[in-house]
S.K.: 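Dropping a structure here in structure tokens format, bear with me for questions.
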Amino acid sequence: MAYLSTSVLFFILFIFVTTYFISKLYRRCPSNKVLVVFGRVGKDRSVQCYHGGGTIVWPLIQGSAYMDLTPRTIHIPLKGALSQQNIRINVPSTFTVAIGTRPEIMNNSAIRLLGLAIKDIELMASEIIIGQLRLTVASLKIEEINQDRERFLEEIRNNIESELHKIGLTLINVNITDITDESGYIESIGKKAAATAVNQAKIDVAEEEKRGEIGKSHADMQRRIQVSTYQAEAIGGENLAKAEVAKTNAELAEKEADADRKSRIAQENAEMEVQKARAEAESSRLYASEVVPREIEKQKIALNAEAESQRRIVEAKGEAEAILKVRVAEAEGVYKFLEAKAKGFEELVKSCNNDPSQTATLLLIEKMEEIAKLQVEAISNLKIDKITVWDSGSGEKGKGSTTSDFISNLVKSVPAMHDVAGMAGIELPQYLGKVAKGPAESKPVSS
């Protein structure tokens, strides 16, 4: 029994010692480090790298070390780099590098950087970065470097990162602070861009003023057309107004299309001038400061003159169209009046059994009251203050005195209804009486 207890105790002690020994051999890898196991790690391999997790490192035949993954910032004050145009520029920049975590990059870092001090690693990386940065600058023009920074940074990344991978480093970030040159070429490019932007702004202002004048003319034309259209609607009816509105809208669309075409032509001309300015280098500064303002002023005057001409043409066309619509509406009104009158006469003739003489009689009878009224007014309007008649009594026997003959002749000076009807070739109805013809005079006799 004592032997069994001793055996169990030794077994437990063996298990404890074995576990403790294995735990001492096990190496864990933190997330911000790379575990490098070297020695006898496998066939045709000198190191084994681990990022995360852990492994057992056997004593005597294997060793281990850690490499820090903390990024390092390297400042590169590159000066006098020769560009493709043989102009030297200064490219101060900042690069952030760190040991890569891809298997092949970790193996390269373990082979080439394990055991080196941080300063030595940064010095090695700086030499590689400076060389590749000079190579990148030499392959590009200054305009490409200054204006297209994205492409410049992409070229830097492609050239430098592949070289850093060879020593186990990876490129995290590139920051170009400022690019300058001793000859002032970059500054001249900036001034040229500023002058181009100012000139373009002035051209845009002139174009907007032109559009404003054209819009004002169109608005005035629409107002005139609408007024004329409403007047035409009051006279000619709704259908004619709709037709005029459709015609006006078509003309307006045509004029707007023409104005838009002219605006595009002006924009294309302005763009052509800008492209010519960009093609020049140092001479563009003098051109922008002396010639361009005068050209812009001349274009502005031309645009204003063109806008004024368009406005006058539109106003003249609007007034002519309005007068034409009024005259057409008046003619249509007269035509409709005469047409209605003709239809009335036609109905009147039909009601008289198609006898024109009866129709004329009816029309004359309708006017008799007015004729009688005019006869009365003709006599009533006579203003006779005093009448002196010398009656010598020489009048014929049985025919009255000279005074009575004067009054009778005065009344007879007004035509009678039968006389008026006779002049028109119309015979009045019998209920109005007839004229009896005698040797002395004709008198109406009632039937």
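In what follows, residues are counted from 1 in the order of the sequence shown. Hydrogens, waters and symmetry mates are skipped; everything else that's a heavy atom, side chains included, is used.
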S.K.: With a 4.5 Å heavy-atom cut-off, do Ile56 and Arg27 have their side chains touching?
M.R.: no
S.K.: Got a sec: does the CD1 of Ile118 have more than 12 other heavy atoms crowding it under 6.0 Å?
M.R.: no
S.K.: In Å, rounded to the nearest 0.5 Å, how long is the span from CD of Glu319 to CG of Leu324?
M.R.: 13.5 Å
S.K.: Can you confirm whether more than 12 heavy atoms, excluding those of Lys317, are under 6.0 Å from its NZ atom?
M.R.: no
S.K.: So, the side chain of Asp258 versus the backbone of Glu254: is there a donor-acceptor pair under 3.5 Å, distance only?
M.R.: no
S.K.: Test your reading of the model: is there a side-chain donor-acceptor pair from Asn90 to the backbone of Gly80, 3.5 Å cut-off?
M.R.: yes
S.K.: What's the spacing between Tyr66 OH and Asn32 CG if we round to 0.5 Å?
M.R.: 11.0 Å
S.K.: For residues Leu25 and Pro59, determine if any side-chain heavy atom of one lies less than 4.5 Å from a side-chain heavy atom of the other.
M.R.: yes
S.K.: Are Lys33 and Met67 packed together at the side-chain level, in the sense that at least one heavy-atom pair is separated by less than 4.5 angstrom?
M.R.: no
S.K.: State the CD1-CG distance between Ile160 and Leu169, to the nearest 0.5 angstrom.
M.R.: 12.0 Å
S.K.: Ion pair present between Lys141 and Glu143, side-chain N to carboxylate O less than 4.0 angstrom?
M.R.: no
S.K.: Any side-chain heavy atom of Ser309 sitting closer than 4.5 Å to one from Ile313?
M.R.: yes
S.K.: So, Thr94 and Asn175: side-chain donor and acceptor under 3.5 Å apart, yes or no?
M.R.: no
S.K.: Search all heavy atoms of Leu69 against all heavy atoms of Ser31 and return the closest pair with its distance.
M.R.: CD1-O, 3.8 Å
S.K.: Look at the side chain of Ser263 and the backbone N and O of Ala259, then say whether any donor-acceptor pair between them is shorter than 3.5 Å.
M.R.: no
S.K.: Is Lys336 paired with Glu332 through a side-chain N to carboxylate O contact shorter than 4.0 Å?
M.R.: no
S.K.: If you take all heavy atoms of Glu122 and Ile74, which pair is closest and at what distance?
M.R.: O-CD1, 4.0 Å
S.K.: Closest approach of Leu114 and Ala110, non-hydrogen atoms and distance?
M.R.: CB-O, 3.1 Å
S.K.: So, do Leu171 and His165 sit near enough that their side-chain heavy atoms are less than 4.5 Å apart?
M.R.: no
S.K.: With a 4.5 Å limit on heavy-atom distance, are the side chains of Ile176 and Ile156 in contact?
M.R.: yes
S.K.: Would you check if the side chain of Thr96 reaches a backbone N or O of Thr73 as a donor-acceptor pair within less than 3.5 Å?
M.R.: no
S.K.: I would like to know whether Ile121 and Ile99 meet side-chain contact (heavy atoms from CB on, under 4.5 Å); could you show each step before the answer?
M.R.: CA-CA 10 Å; Ile121 296 175; Ile99 293 175; 5.6 Å; no
S.K.: Is it the case that over 12 heavy atoms from other parts of the model lie below 6.0 angstrom from the CD atom of Glu339?
M.R.: yes
S.K.: Is it the case that atom OH in Tyr26 sees more than 12 heavy atoms from other parts of the structure closer than 6.0 Å?
M.R.: yes
S.K.: Any carboxylate oxygen within less than 4.0 angstrom of a Lys/Arg side-chain nitrogen, looking at Glu295 and Lys298?
M.R.: yes
S.K.: Could you tell me whether Glu163 and Lys166 make a salt bridge, using a distance below 4.0 angstrom between a side-chain N and a carboxylate O?
M.R.: yes
S.K.: Which atom names give the shortest non-hydrogen contact between Leu252 and Met221, and what distance separates them?
M.R.: CD1-CE, 3.5 Å
S.K.: If you count every heavy atom of other residues, nucleotides or ligands that lies below 6.0 Å from Arg40 atom CZ, does the total exceed 12?
M.R.: no
S.K.: Distance check, rounded to the nearest 0.5 Å: Glu127 atom CD versus Ile167 atom CD1?
M.R.: 11.0 Å
S.K.: Any chance CZ of Arg312 has more than 12 other-residue heavy atoms, nucleotides or ligands included, within less than 6.0 Å?
M.R.: no
S.K.: Salt bridge (Lys or Arg N to Asp or Glu O under 4.0 Å) between Glu315 and Arg311: does it pass, once the steps are laid out?
M.R.: CA-CA 6 Å; Glu315 288 181 354; Arg311 182 183 66 80; 2.8 Å; yes
S.K.: How far apart are the closest heavy atoms of Gly100 and Ile105, and which atoms are they?
M.R.: CA-CG2, 3.5 Å
S.K.: Given Phe95 and Ile76, is the side-chain contact (heavy atoms from CB on, under 4.5 Å) satisfied, shown in steps?
M.R.: CA-CA 8 Å; Phe95 292 82; Ile76 306 296; 3.7 Å; yes
S.K.: Do Arg112 and Met124 touch side chain to side chain, with heavy atoms closer than 4.5 Å?
M.R.: no
S.K.: Is there a side-chain contact between Arg327 and Glu330 (heavy atoms, below 4.5 Å)?
M.R.: yes
S.K.: For Ser83 and Ile87, indicate whether the former's side chain and the latter's backbone hold a donor-acceptor pair under 3.5 Å.
M.R.: yes
S.K.: What's the spacing between Met106 CE and Thr170 OG1 if we round to 0.5 Å?
M.R.: 12.0 Å
S.K.: Distance check, rounded to the nearest 0.5 Å: Ser126 atom OG versus His75 atom NE2?
M.R.: 10.0 Å
S.K.: Give the C-alpha distance, both sets of side-chain angles, the deciding distance and a yes or no for side-chain contact (heavy atoms from CB on, under 4.5 Å) between Ile89 and Ile179.
M.R.: CA-CA 7 Å; Ile89 62 173; Ile179 300 176; 4.2 Å; yes
S.K.: Any pair with a residue in residues 48-65 that passes side-chain hydrogen bond (donor to acceptor under 3.5 Å, both in side chains), sequence neighbours left out, goes on the list, sorted by first then second residue, please.
M.R.: Arg45-Gln48
S.K.: side-chain hydrogen bond (donor to acceptor under 3.5 Å, both in side chains) with Asp260: which residues, sequence neighbours excluded?
M.R.: Arg264
S.K.: How close do Val36 and Cys49 get, heavy atom to heavy atom, and via which atoms?
M.R.: CG2-SG, 4.2 Å
S.K.: If you count heavy atoms of other groups shown closer than 6.0 angstrom to CZ of Arg28, is the number above 12?
M.R.: no
S.K.: Take Val137 and Leu135, measure what side-chain contact (heavy atoms from CB on, under 4.5 Å) needs, and give me the verdict at the end.
M.R.: CA-CA 6 Å; Val137 171; Leu135 179 63; over 6 Å; no
S.K.: Please check if the side chain of Asn269 supplies one atom and the backbone of Ile265 the other of a donor-acceptor pair under 3.5 Å.
M.R.: yes
